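Residue numbers run from 1 in the order of the sequence given. As the structure is a computational prediction, the values presented were derived from the model and not from experiment.
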Amino acid sequence: MSVPEWLDEGARFAPEYRQGLSNHLPMALLALRRLGAPDSRIDDFAARYVRRLEPAPMADPWRSADLWQDRLGERDSWPSYRTLFADWMGREGTDSVLAQALPRLMTGCGAAAFHGIIRTAYGAHSGHDRELVDGLAYWACCHLPLGVEGDGNGVADPAQILHGLRISSSSEVLISEGMRVAAQSPDFDQLIMPLKVDNDTLGRLSRLAATLYASSGNFTVLHLVTSCHAVRVLLPFLDETQPALHSYWRAFAAGYIASGLVTTSEAKLRPWDPIVEAAIASNDEHVVKLVDSCREEEHAYGGDEWRHAASRAVASVK
């Protein structure tokens with residue numbers, strides 16, 4: 001089947017499985033398509049992956065008396081949000097819904113370890129309305145607010161702030177819970193406040209995330225790389241980007257703290273062609289998505305940081 005056909009088929013499955021693991025099928029298939037995988041490889045990957053997934057819950061109408069923001073963070077509300085966003089997009093169109101929903105959703109952009117925003121970004125880029133609906137619904141039901149942003153006092157380099165933070169391994173099983181714990185630390189606001197958020201902040205965060213992943217292979221940091229890509233894809237739908245970037249900085253910092261980062265050594269730098277070939281051959285959805293995001297981020301910003309990160313990701317792929 002083609003990727004759009006697999007996305008249609010994928011609507012049968014829940015957004016999570018095994019008590020909180022995110023369904024990566026649509027994101028991985030869209031990444032494979034952009035990397036140039038043939039339909040036969042996409043079929044093989046999908047056939048393997050769907051074995052772990054669970055059926056989608058039954059459809060549920062949205063309560064007419066509720067505003068769309070009223071049930072953010074209610075994890076059992078995915079079927080209702082699915083109905084809401086489908087009806088909303090049917091009435092007003094994709095761009096209008098994104099322009100209205102994204103500012104509020106960005107206040108909880110760390111939802112499900114950033115998988116809400118990542119799935120939404122892939123859905124928006126794909127042009128597949130049902131997949132975009134499911135991504136938005138997942139983001140909404142897992143919405144993860146991490147406090148209120150504030151204006152920094154002029155530190156432009158996020159690395160300067162993050163390298164001064166105390167890093168300790170999180171005892172939480174799920175990344176998003178580790179992020180929540182990190183953001184509840186009494187000194188979290190004071191420590192991250194100095195960053196001056198401007199139009200260059202996202203590029204700096206993306207470059208930093210790639211550098212950190214290349215030197216660590218850290219699983220949580222991997223999600224910082226892919227979420228930077230997702231934010232860049234969705235920013236054009238926003239009239240005002242500064243509040244969204246402030247919220248993302250908070251989530252990024254919380255993810256960094258939750259990562260328990262330990263640096264090691266970088267993998268041998270590879271050319272893009274063998275990196276992409278290895279990613280297409282991999283059955284690891286995270287490797288596929290990371291390589292796709294790294295290649296896209298390099299196209300956007302320039303520099304070898306993302307190729308270093310991608311080289312690290314495929315180092316163990318046979």
* Hey, are Glu131 and Arg119 close enough for a salt bridge, meaning a charged N less than 4.0 Å from a carboxylate O? -> yes
* Can you check whether Phe252 reaches Ile192 side chain to side chain, under 4.5 Å on heavy atoms? -> no
* Structure fact -> side-chain contact (heavy atoms from CB on, under 4.5 Å) filter on Ala210, not counting sequence neighbours, yields Glu305, Trp306, Ala309
* **Nearest heavy-atom neighbours spanning Val288 and Ala31** => CG1-CB, 3.8 Å
* Side chains of Gln160 and Pro194: does their closest heavy-atom pair fall under 4.5 Å? -> no
* Asked: Considering only heavy atoms from C-beta outward, does the side chain of Tyr49 approach that of Leu29 to under 4.5 Å?
  -> no
* Please check if the side chain of Asn218 supplies one atom and the backbone of Ser259 the other of a donor-acceptor pair under 3.5 Å. => yes
* To do: Indicate the atoms forming the closest heavy-atom contact of Leu234 with Trp139, along with that distance.
  => CD1-CZ3, 3.9 Å
* Salt-bridge test for Glu298 and Arg295: reply yes if a basic N is under 4.0 Å from a carboxylate O, no otherwise. => no
* To do: Check whether the side chains of Gln100 and Ser96 place a donor and an acceptor atom closer than 3.5 Å, and report yes or no.
  => yes
* Roughly how far, to the nearest 0.5 Å, is CE of Met27 from CG of Leu30? -> 9.5 Å
* Does a side-chain heavy-atom distance below 4.5 Å link Ile257 with Phe188? -> yes
* Asked: Salt bridge between Arg82 and Asp134, side-chain N to carboxylate O under 4.0 Å?
  -> yes
* Any luck finding a side-chain donor-acceptor pair between His115 and Ser227 under 3.5 Å? -> no
* With under 30° as parallel and over 60° as perpendicular, where do the rings of Tyr81 and Phe85 fit, or are they tilted in between? -> parallel
* Asked: Going by heavy atoms in the side chains, are Gln242 and Asn199 under 4.5 Å from each other?
  -> yes
* Cluster question for you: counting only ILVMFWY and a side-chain heavy-atom cut-off of under 4.5 Å, with indirect links fine, are Val155 and Val197 together? -> yes
* Side-chain contact, heavy-atom cut-off 4.5 Å: Arg71 with Trp78? -> no
* Asked: Minimum heavy-atom separation for Val287 to Ser282, with atom names?
  -> CB-OG, 3.9 Å
* Report yes or no: is the cationic atom of Arg104 (NZ for Lys, CZ for Arg) under 6.0 Å from the centre of the six-membered ring of Trp68, at an angle within 45° of the ring normal? => no
* Give the intermediate values and the outcome of side-chain contact (heavy atoms from CB on, under 4.5 Å) for residues Met1 and Asp39. => CA-CA 7 Å; Met1 290 193 292; Asp39 284 350; over 6 Å; no
* To do: Starting from the C-alpha separation in whole Å, work towards a yes-or-no answer on side-chain contact (heavy atoms from CB on, under 4.5 Å) for Arg34 and Tyr122.
  => CA-CA 11 Å; Arg34 186 154 52 196; Tyr122 271 110; 3.4 Å; yes
* Could you tell me which non-hydrogen atom of Trp62 sits nearest to which non-hydrogen atom of Leu67, and how far apart they are? => CZ2-O, 3.2 Å
* To do: Take Ile161 and Trp249, measure what side-chain contact (heavy atoms from CB on, under 4.5 Å) needs, and give me the verdict at the end.
  => CA-CA 11 Å; Ile161 295 173; Trp249 161 236; 4.1 Å; yes
* Asked: Between Asp292 and His229, is any pair of side-chain heavy atoms under 4.5 Å apart?
  -> yes
* Asked: Between Arg130 and Asp8, is there a donor-acceptor pair closer than 3.5 Å when you use the side chain of the first and the backbone of the second?
  -> no
* To do: Check whether any side-chain N or O of Arg33 sits under 3.5 Å from a backbone N or O of Pro38 as a donor-acceptor pair, and report yes or no.
  => no
* Determine, for Arg18 against Glu54, whether the closest basic-nitrogen to carboxylate-oxygen distance falls under 4.0 angstrom. => no
* Take Met179 and Leu146 through the side-chain contact (heavy atoms from CB on, under 4.5 Å) test and state the conclusion after the steps. => CA-CA 8 Å; Met179 292 169 62; Leu146 297 174; 4.2 Å; yes
* What distance separates Cys228 SG from Ile118 CD1, expressed to the nearest 0.5 Å? -> 9.5 Å
* Interatomic distance, Leu235 atom CG to Leu245 atom CG [nearest 0.5 angstrom] -> 5.0 Å
* Identify whether the distance between the nearest side-chain nitrogen and carboxylate oxygen of Arg204 and Asp198 falls below 4.0 Å. => yes
* **Approximate separation, where rounding is to 0.5 Å, of Ser77 OG and Asp60 CG** => 9.5 Å
* Asked: Is Leu269 reachable from Val291 through a run of I, L, V, M, F, W or Y residues, each pair having side-chain heavy atoms under 4.5 Å apart?
  -> no
* Mutual orientation of the aromatic rings belonging to His223 and Phe219 [parallel < 30°, tilted 30-60°, perpendicular > 60°] -> perpendicular
* Asked: Counting distance only, does the side-chain N/O of Thr120 pair as donor-acceptor with the main-chain N or O of Gly135 below 3.5 Å?
  -> yes
* For the atom pair SG (Cys141) and CG (Leu136), what is the distance rounded to the nearest 0.5 Å? -> 11.0 Å
* Quick one: closest heavy-atom pair of Ser247 and Met106, and the distance? => CB-O, 3.1 Å
* Asked: Between Glu266 and His308, is a side chain to side chain donor-acceptor pair (under 3.5 Å) present by the stated rule, with each step listed?
  -> CA-CA 7 Å; Glu266 294 185 359; His308 277 286; 3.0 Å; yes
* Answer yes or no: is there a donor N or O on one side and an acceptor on the other, between the side chain of Thr220 and the main chain of Gly255, under 3.5 Å? => no
* Going by heavy atoms in the side chains, are Ile175 and Phe114 under 4.5 Å from each other? -> no
* Asked: How many angstroms lie between atom CG of Leu144 and atom CD1 of Ile117, to the nearest 0.5 angstrom?
  -> 12.0 Å
* Asked: What closest approach, in Å, do Ser22 and Tyr138 show between heavy atoms, and which atom pair accounts for it?
  -> OG-OH, 2.7 Å
* Heavy atoms from other residues, nucleotides or ligands near NE2 of His286 exceed 12 (cutoff 6.0 Å) -> yes
* N/O donor-acceptor pair under 3.5 Å between Arg250 side chain and Thr107 backbone -> no
* **Main-chain N/O of Gly203 paired with Ser206 side-chain donor or acceptor, under 3.5 Å** => no
* Asked: What do the steps show when you test Glu297 against Arg207 for salt bridge (charged side-chain N to carboxylate O under 4.0 Å, His left out), and what is the final call?
  -> CA-CA 9 Å; Glu297 292 295 87; Arg207 200 176 299 275; over 6 Å; no
* Report yes or no: does Ser311 contribute a side-chain atom to a donor-acceptor pair with the main-chain N or O of Arg270 at less than 3.5 Å? => yes
* Asked: Regarding Ser185 and Asp187, is there a side-chain donor-to-acceptor distance under 3.5 Å anywhere?
  -> yes
